[in-house]
Protein chains: 2
Amino acid sequence: MLKKQLIMESAIELFAKKGIDATSVQQITEHCGISKGAFYLSFKSKDELIFSIIDYFTKNVTANIERSVSEQQNPHDKLAAYFMEIFNILQKYGDFATVFIKEQHFINETLIDKMAYYDELNNKLLLDILRELYPSNVDSLQYDLIIIIKGLIASYGDFIIKNSYPFDIEKLTDSLVEKIKIIAKYGEKSFFTKDMFKSYSSHQPMITKDLIVEELQQLLTHIQDEVLRESLQILEKQIQSESPSKAIILGMLSNLKNEQECDWFCYMMRKYYELNISNTPF
Amino acid sequence: MLKKQLIMESAIELFAKKGIDATSVQQITEHCGISKGAFYLSFKSKDELIFSIIDYFTKNVTANIERSVSEQQNPHDKLAAYFMEIFNILQKYGDFATVFIKEQHFINETLIDKMAYYDELNNKLLLDILRELYPSNVDSLQYDLIIIIKGLIASYGDFIIKNSYPFDIEKLTDSLVEKIKIIAKYGEKSFFTKDMFKSYSSHQPMITKDLIVEELQQLLTHIQDEVLRESLQILEKQIQSESPSKAIILGMLSNLKNEQECDWFCYMMRKYYELNISNTPF
DNA sequence: TATAATAGTGACTAATCGGTCACTTGTCAA
DNA sequence: TTGACAAGTGACCGATTAGTCACTATTATA
């Protein structure tokens with residue numbers, strides 16, 4: 001497990017410097033002083049390495065942002081916390097961000113779906129923040145505000161990544177919160193309608209039974225907790241069964257819902273079995 | 001010349017679909033129904049193809065935007081024209097934009113410098129528009145406004161690229177001009193200082209005598225006009241001379257200044273011989 | 001100390017890449 | 001019809017790639 005970490009960190013550094021395709025496995029192994037064979041003891045393929053890196057970061061970043069935002073009581077502070085957390089991450093993990101932003105020919109279809117999922121989570125979080133901040137008067141502007149916030153992050157984030165030189169993130173956050181506040185207050189002309197936004201943001205992932213089972217078995221190799229393991233095993237039987245029980249599936253999923261590692265799996269299950277209950281937060 | 005165009009168009013399509021590195025010369029030639037040998041009759045290398053594509057577009061896009069903006073008299077219309085032109089280009093050449101945005105491991109150092117140059121031109125144009133629009137009250141906010149405008153373009157532009165479905169660009173432009181107007185009017189908290197912005201935006205290109213001569217000879221293969229050709233030839237002699245005359249160089253450069261194709265060459269000459277005269281528009 | 005299991009090695013392979021070159025085809029003036 | 005020249009072809013080359021595997025080194029156990 002330690003070796004995996006070492007390889008991933010070396011890889012991120014090299015990927016950021018020269019790009020994913022231009023970095024060979026050989027170069028990665030030389031950079032961390034191991035042999036090529038040892039690399040393939042930790043990862044099945046170069047693709048698996050790329051997948052692991054991206055998966056690891058998106059998972060952590062999403063969790064950190066959500067935690068940081070939820071720690072704030074005041075709605076205004078939530079938006080500030082959102083900006084602040086993202087800019088801090090960009091400053092800290094600029095290397096990774098470079099890889100992440102610039103190379104999106106990941107090959108893997110699953111990865112694209114996963115990204116879309118995290119993007120959806122992010123949109124939902126932003127929408128919640130905005131609705132809490134401006135309960136009434138931004139109805140028509142809320143989708144534009146999301147896009148604008150993302151644009152600000154892209155633009156100022158680019159500056160942060162390119163300047164390793166440390167600077168006042170608090171001042172930046174303060175400045176951007178002000179801009180959003182102003183636009184929400186005085187803005188009248190909206191562009192995005194709800195439908196446009198939905199069709200833009202929600203790329204419907206191709207979820208198959210095989211993909212779900214694969215993710216399930218992946219989880220079983222990590223997870224220790226007995227209740228979680230049993231829940232997963234019961235779910236596997238239901239999936240393979242000819243007449244799966246919605247009640248059992250829903251019950252087992254609720255057993256998993258607090259386990260961050262299972263988020264993606266639960267999401268796939270809900271989509272596949274069309275279990276989107278409108279009043280659940282997720 | 002027709003064949004070059006054909007290859008470039010095929011390449012853009014494939015690059016956008018799968019990425020530059022992942023697209024082989026073989027695939028490009030198959031896609032336009034020619035042999036590998038024929039490809040190398042039009043382009044010296046794959047790098048030259050990439051370079052040509054990027055150069056062709058940046059040149060055209062920059063020129064189109066500047067023309068479109070300069071056609072407007074009313075300062076407000078200039079900002080609108082700026083947005084409109086960019087969004088139209090993104091809608092039309094989404095394929096190319098995809099390549100352009102996502103892959104920035106171009107290998108070639110010259111290309112990076114050229115991009116920085118066009119970015120500088122773009123910043124200058126935006127700054128002029130903003131200063132004309134808000135002559136007094138945005139002094140401290142003008143650099144932030146540039147970054148914000150770029151962010152809006154990145155964010156809404158992403159939407160345009162991903163949705164080939166046509167929509168109301170005028171409405172979008174109108175909406176964004178409103179947002180900039182609001183921020184300029186009510187915004188108080190600036191983040192960027194002039195120095196920060198300068199150090200961020202102006203990547204000093206590595207200009208050598210060899211690079212300049214190379215560009216000059218490249219120009220001589222294209223340009224027909226006799227005065228321009230003679231000016232270039234005189235400049236070449238001056239460059240190779242041990243004691244170049246500033247007067248002659250300046251004179252020859254002013255002969256070239258209206259020829260769009262020579263912009264980059266003139267820019268390099270000015271930088272190399274430190275001929276930046278502050279009151280020239282460029 | 002002997003044995004078994006695990007971790008690590010690097011020469012090797014098959015495939016693919018960008019790029020070359022001896023050769024064929026097409027074109028047009030004489 | 002001929003010859004000369006440009007346009008186009010695709011087998012081939014050296015380099016590089018991801019991935020494999022027979023082998024060695026290290027560690028743990030008895």
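No experiment lies behind these values; they were computed from the predicted model shown.
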Participant: Calculate the interatomic distance between L6(B) atom CG and dG8(D) atom C1'; express it in whole Å.
Facilitator: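 Interatomic distance, CG of L6(B) to C1' of dG8(D): 14 Å.
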
Participant: Let me know the distance between CG of D21(A) and P of dT16(C), rounded to the nearest Å.
Facilitator: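 That distance rounds to 15 Å.
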
Participant: Check the pair K150(B), D119(B) against salt bridge (charged side-chain N to carboxylate O under 4.0 Å, His left out), reporting the backbone distance first and the verdict last.
Facilitator: CA-CA 11 Å; K150(B) 284 182 170 183; D119(B) 190 48; 3.1 Å; yes

Participant: Counting side-chain heavy atoms from CB outward, which of dT9(C), dG8(D), dG19(C) is closest to A38(A)?
Facilitator: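 Among the listed nucleotides, the one closest to the side chain of A38(A) is dT9(C).
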
Participant: Whole-Å distance between dT17(D) C1' and I50(A) CD1?
Facilitator: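 Taking atom C1' of dT17(D) as the reference, CD1 of I50(A) is at 13 Å.
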
Participant: Write down the distance between CZ (F43(A)) and P (dA7(C)), rounded to a whole number of angstrom.
Facilitator: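 Atom CZ in F43(A) sits about 15 Å away from atom P in dA7(C).
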
Participant: For dA7(C), does the base pair up with any side-chain atom of K3(A) as donor and acceptor (N or O, under 3.5 Å, distance only)?
Facilitator: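 It does not, because no donor-acceptor pair links the side chain of K3(A) to the base of dA7(C) below 3.5 Å.
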
Participant: Tell me which of F39(B) and Q26(A) sits closer to the 5' end of DNA chain C, going by the nucleotide each one is nearest to.
Facilitator: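 The residue closer to the strand's 5' end, by nearest nucleotide, is Q26(A).
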
Participant: Can you measure K44(B) atom NZ to dT20(C) atom C1' for me and round it to whole angstrom units?
Facilitator: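 These atoms are roughly 16 Å apart.
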
Participant: Tell me the interatomic distance from Y40(B), atom OH, to dC17(C), atom P, rounded to whole angstroms.
Facilitator: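 It works out to 11 Å between those atoms.
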
Participant: For D55(A), does its backbone N or O pair with a side-chain atom of T58(A) as donor and acceptor, under 3.5 Å?
Facilitator: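 The answer is yes, because a donor-acceptor pair under 3.5 Å joins these two groups.
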
Participant: Kindly point out which of dG18(C), dG8(D), dG10(C) is positioned nearest to the side chain of L41(B)?
Facilitator: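 Nearest listed nucleotide: dG8(D).
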
Participant: Describe the nucleic acid contact of T23(B) in one word from base, sugar-phosphate, nothing, applying a heavy-atom distance below 4.0 Å.
Facilitator: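 T23(B): backbone/sugar contact only, no base atoms under 4.0 Å.
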
Participant: Rounded to the nearest angstrom, tell me the gap between atom CG in D47(A) and atom P in dT17(D).
Facilitator: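 For the pair D47(A) CG and dT17(D) P, the rounded distance is 16 Å.
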
Participant: Would K209(B) pass as a cation-pi partner of Y272(B), given that its NZ or CZ must be under 6.0 Å from the six-membered ring centre and within 45 degrees of the axis?
Facilitator: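 No, cation not above the ring by the 6.0 Å, 45° rule.
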
Participant: Are Y93(A) and F57(A) an aromatic pair, judged by ring center distance below 6.0 Å?
Facilitator: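 Between F57(A) and Y93(A), the centre distance is under 6.0 Å.
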
Participant: If I take atom CD in residue E48(A) and atom P in nucleotide dG19(D), what distance separates them, rounded to the nearest angstrom?
Facilitator: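 Rounded to the whole Å, the gap is 10 Å.
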
Participant: Spell out yes or no: do the side chain of K46(B) and the base of dG19(C) have one donor N/O and one acceptor N/O closer than 3.5 Å?
Facilitator: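 Such a pair does not exist between side chain and base.
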
Participant: Would you mind telling me which of dT9(C), dT9(D), dT20(D) lies closest to the side-chain atoms of I34(B)?
Facilitator: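 Closest of the options to the side chain of I34(B): dT9(D).
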
Participant: Take Q27(B) and S24(B), measure what side-chain hydrogen bond (donor to acceptor under 3.5 Å, both in side chains) needs, and give me the verdict at the end.
Facilitator: CA-CA 5 Å; Q27(B) 287 169 315; S24(B) 65; 3.3 Å; yes

Participant: Which residue, S35(A) or S45(B), contacts DNA chain C at a nucleotide closer to its 5' end, judged by nearest heavy atom?
Facilitator: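 Its nearest nucleotide being more 5', the pick is S35(A).
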
Participant: Heavy-atom nearest nucleotide on DNA chain D for G37(A) versus Q27(A): which residue maps closer to 5'?
Facilitator: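 Checking each residue's closest nucleotide, the 5'-ward one belongs to Q27(A).
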
